[in-house]
Amino acid sequence: MSLPALPFAPGLCYFPAMSPKIKILPSELVDQIAAGEVVERPASVVKELVENSLDAGSSRVTCRVEEGGRKLVNVIDNGLGMDRDDLVLACTRHATSKIIKSSDLERIVTLGFRGEALSSIAAVSRMTITTRRKEDKAGTRLTIAGGSRAELVDVGAPVGTDVKVEDLFFNTPARRKFLRTTPTEMTHIQTWISRLGLARSNVHLILQHAKRTLLDAQATDDPAQRTAAILGRQVFEHLYPVDYTESGIRISGLLSDPEHTRSNPRNIYLFVNGRFVRDRLLQHALLSAYLTVIPHGRYPLVVLDLHIDHGSVDVNVHPQKTEVRFSDTNRVHRALSSAVADVLARAPWMKSTRTYLIKSQSTTDSTSKSQSADRVRDALARYHTSIGKQTSSFGLRAKPAQKATEAARPAGEDLPLSELKLLGTLWNTYIFLAAPDGLLVVDQHAAAERITFERLRQQFDNRKVASQRMLVPVQLNLDGAALAGLERYASEIADMGFEVEPFGPTTVNITAVPALLAHVQPTALLLDVLDEFTETGRDTSGHSARLEVIGRMACHASVRAGKALPEAEIRELLRQLEQVDFAGTCPHGRPVLVRFEKSEVAHWFHRT
Ligand code: ADP
Ligand code: MG
């Protein structure tokens with residue numbers, strides 16, 4: 001065993017003077033250590049308990065949470081229940097009813113199998129389990145605090161199991177310290193509930209926080225209905241079914257059309273045999289199939305389950321059971337990317353002309369191929385940040401490029417942009433202007449975005465973004481996480497020029513939007529703003545964070561590259577561009593304007 005190098009100083013000893021004695025750790029301490037791997041935060045408790053309920057064949061599972069799960073996580077099911085002996089055993093480490101021999105590990109059909117969740121949770125909380133099997137007259141209740149059994153009694157109880165987990169980490173202050181705010185912990189919980197709910201449509205799943213129902217998803221045999229219940233109707237309308245089989249792998253589920261992407265990859269749900277997984281290979285296969293049809297920095301909505309024979313996938317990789325290993329990685333990658341590519345190629349939206357649609361990867365040249373590879377890498381990095389350590393996603397955001405500022409210098413001291421000679425436009429994207437001592441190229445899309453950004457920023461700096469009431473309110477159906485976000489960031493969102501009113505349990509009415517953006521699709525706009533505010537763990541109070549939200553909003557306003565602009569509109573665009581603060585950084589780090597000096601042009605032709 002190698003120990004990490006210690007900074008030894010003379011006379012300083014890091015070990016006791018006597019040689020240390022090796023001891024077997026007491027079982028409670030072993031459980032606490034194991035708990036460190038299994039129970040990261042309240043959401044892990046929710047996940048493990050709901051998984052147990054699902055494994056117990058429940059048709060209805062209710063999860064009640066208080067204070068983001070810190071005070072209480074209570075999961076109630078109507079499943080098989082346990083008898084008295086099993087109940088006691090269940091909370092012992094390495095006790096499971098799901099596997100009995102080594103070869104069972106090769107055919108795991110349940111969500112649990114390691115037999116360590118209950119003992120781990122019991123070690124770091126006050127846990128009460130009440131359970132009854134159908135065939136038993138009375139139920140049993142077991143109370144454990146910090147891993148030691150406090151009470152075991154017979155009680156009257158409905159069939160099924162009720163697990164209460166109170167005061168999580170009360171005896172492990174180091175862990176407790178890492179708990180975040182209630183809304184953050186709730187977001188993690190909702191994420192897991194969504195994953196489990198999407199994986200098991202046939203189970204009625206309810207989530208309540210402090211008596212408020214955040215999700216009530218009825219059992220259904222239609223996965224699309226379940227997706228709508230969990231991710232919101234809005235989302236559902238843009239999802240298309242996938243059912244594809246290749247080399248013995250069946251891939252089923254739903255994916256979004258490329259027009260309806262999101263700014264982060266949190267809505268990518270990948271399952272293997274009904275188990276939510278984080279897997280690089282699968283993410284890569286998925287994103288590479290989408291690569292050519294969605295703009296940079298956008299992510300699809302995907303709910304896909306890979307049904308693969310249990311012998312070809314190892315799920316016993318990590319205590320949290322969200323990682324898998326495939327025996328034939330090529331087969332899996334091929335199957336998934338073909339499944340996605342197949343749907344994308346046949347789908348109706350592909351027939352319309354698309355501005356950012358480029359040819360399939362195999363027909364592009366080598367430069368764009370390596371750019372594609374970079375894009376997949378970039379997308380993957382964001383994906384991992386988002387589904388793994390969500391807190392660090394802030395650090396990965398695009399930084400404003402230095403170059404953009406340099407390039408975006410005014411045309412000249414004397415001549416304003418709009419008065420320069422317009423040479424023409426190219427590819428409906430770039431505006432060419434002749435300056436006395438140079439050539440200017442303006443990206444019309446970036447320019448429009450920039451103008452909107454600067455104006456929104458000005459309004460925001462002067463108090464709040466001006467809003468405009470809508471003639472007819474637009475309804476928006478939201479999932480639990482989004483509703484919670486909307487509530488939490490109500491005043492911030494109002495500052496951005498929105499007015500949103502509750503309308504039914506999972507629906508809101510958008511009654512006003514930022515005036516500068518009155519012409520854009522309001523639901524996508526609001527969802528993006530909401531996403532920006534709710535990105536887990538981000539500090540949204542700072543001015544720069546607000547500017548990012550504004551940057552995101554500006555994106556919606558911009559003239560799409562590829563739209564032909566009449567000359568009058570080009571002039572107007574240039575005039576507006578002159579008026580905004582041109583020296584500031586570009587909201588997305590892309591240059592608005594590039595200038596070629598006369599001398600540089602001369603250089604192309606080897607003139608001196
Ligand atoms: P695992 O799920 O890996 O078997 P757990 O520690 O999560 O390990 O649970 C231990 C055992 O307790 C399970 O194998 C199961 O037999 C029993 N159990 C746990 N939760 C429930 C439940 N909600 N209903 C019925 N049995 C349960
Ligand atoms: Mg379990």
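Just so you know, ligand 1 is whichever comes first in the structure, and atom 1 is the first atom listed for that ligand. Predicted, not measured: the structure shown is a model, and the values here were computed from it.
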Pairing of [X] and [Y] as salt bridge, 4.0 angstrom limit:
X      : Y      : answer
Lys71  : Asp167 : no
Glu116 : Arg93  : yes
Glu487 : Arg212 : yes
Glu246 : Arg331 : no
Asp154 : Arg141 : no

Mode of [X] contact toward ligand 1 - side chain, backbone, both, neither (heavy atoms, under 4.0 Å):
X      : answer
Leu49  : neither
Ser120 : neither
Thr96  : both
Met82  : side chain
Glu116 : backbone
Ser97  : both

Under 3.5 Å between any N/O of [X] and any N/O of ligand 1: does that happen in this structure?
X      : value
Ala117 : yes
Ser119 : no
Leu118 : yes
Leu80  : no

Where the side chain of [X] meets the backbone of [Y], is there a donor-acceptor pair that is under 3.5 Å apart?
X      : Y      : value
Arg132 : Ala157 : yes
Asn78  : Arg60  : yes
Asn477 : Thr507 : no

Identify, by atom number and element, the atoms of ligand 1 in contact range of [X], meaning under 4.0 Å from any of its heavy atoms.
X      : answer
Gly112 : 2 (O), 3 (O)
Arg114 : 3 (O)
Ala56  : 24 (N), 25 (C)
Phe113 : 1 (P), 3 (O)

Would you verify whether the NZ or CZ of Arg195 falls within 45 degrees of the ring axis of Phe276 while also being under 6.0 Å from that six-membered ring's centre?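 Yes, Arg195 lies over the aromatic ring of Phe276.
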Other residues, nucleotides and ligands only: do more than 12 of their heavy atoms fall within 6.0 Å of CZ on Arg325?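 Counting neighbours around CZ of Arg325, 12 or fewer heavy atoms of other residues, nucleotides or ligands fall under 6.0 Å, so no.
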Determine whether more than 12 heavy atoms belonging to other residues, nucleotides or ligands lie under 6.0 Å from atom CG of Asp243.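 Counting other residues, nucleotides and ligands, CG of Asp243 exceeds 12 neighbours.
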Looking only at non-hydrogen atoms, find the nearest pair between Ser201 and Pro223 and report the distance.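 Heavy atoms of Ser201 and Pro223 come nearest at OG-CA, 3.8 Å.
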Counting backbone and side-chain atoms alike, is an N, O or S atom of Asn52 positioned under 2.8 Å from the Mg ion (ligand 2)?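 Coordinating: yes.
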Identify the closest protein heavy atom to [atom]: which residue and atom is it, and at what distance?
atom                    : value
atom 10 (C) of ligand 1 : Ala95 O, 3.4 Å
atom 12 (O) of ligand 1 : Ala90 CB, 3.3 Å
atom 3 (O) of ligand 1  : Gly115 N, 2.7 Å
atom 2 (O) of ligand 1  : Lys98 NZ, 2.7 Å
atom 23 (N) of ligand 1 : Asp77 OD2, 2.9 Å

With rounding to the nearest 0.5 angstrom, report the OG to CD distance, Ser120 to Glu48.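 Between atom OG of Ser120 and atom CD of Glu48 there are 8.0 Å.
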Geometric class of the Phe533/Tyr489 ring pair [parallel <30°, tilted 30-60°, perpendicular >60°]: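 Rings of Tyr489 and Phe533: parallel, under 30°.
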Answer with yes or no whether Glu48 contacts ligand 1, where contact means a heavy atom under 4.0 Å from a ligand atom.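 The answer is no: ligand 1 sits nowhere under 4.0 Å from a heavy atom of Glu48.
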Give a yes/no on ligand 1: does Gly79 have at least one heavy atom closer than 4.0 angstrom to it?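 Outside the 4.0 Å threshold, so no.
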Counting heavy atoms only, name the option from Asp162, Val38, Thr161, Asn52 that's nearest to atom 7 (O) of ligand 1.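 Ranked by closest heavy atom to atom 7 (O) of ligand 1, first place is Asn52.
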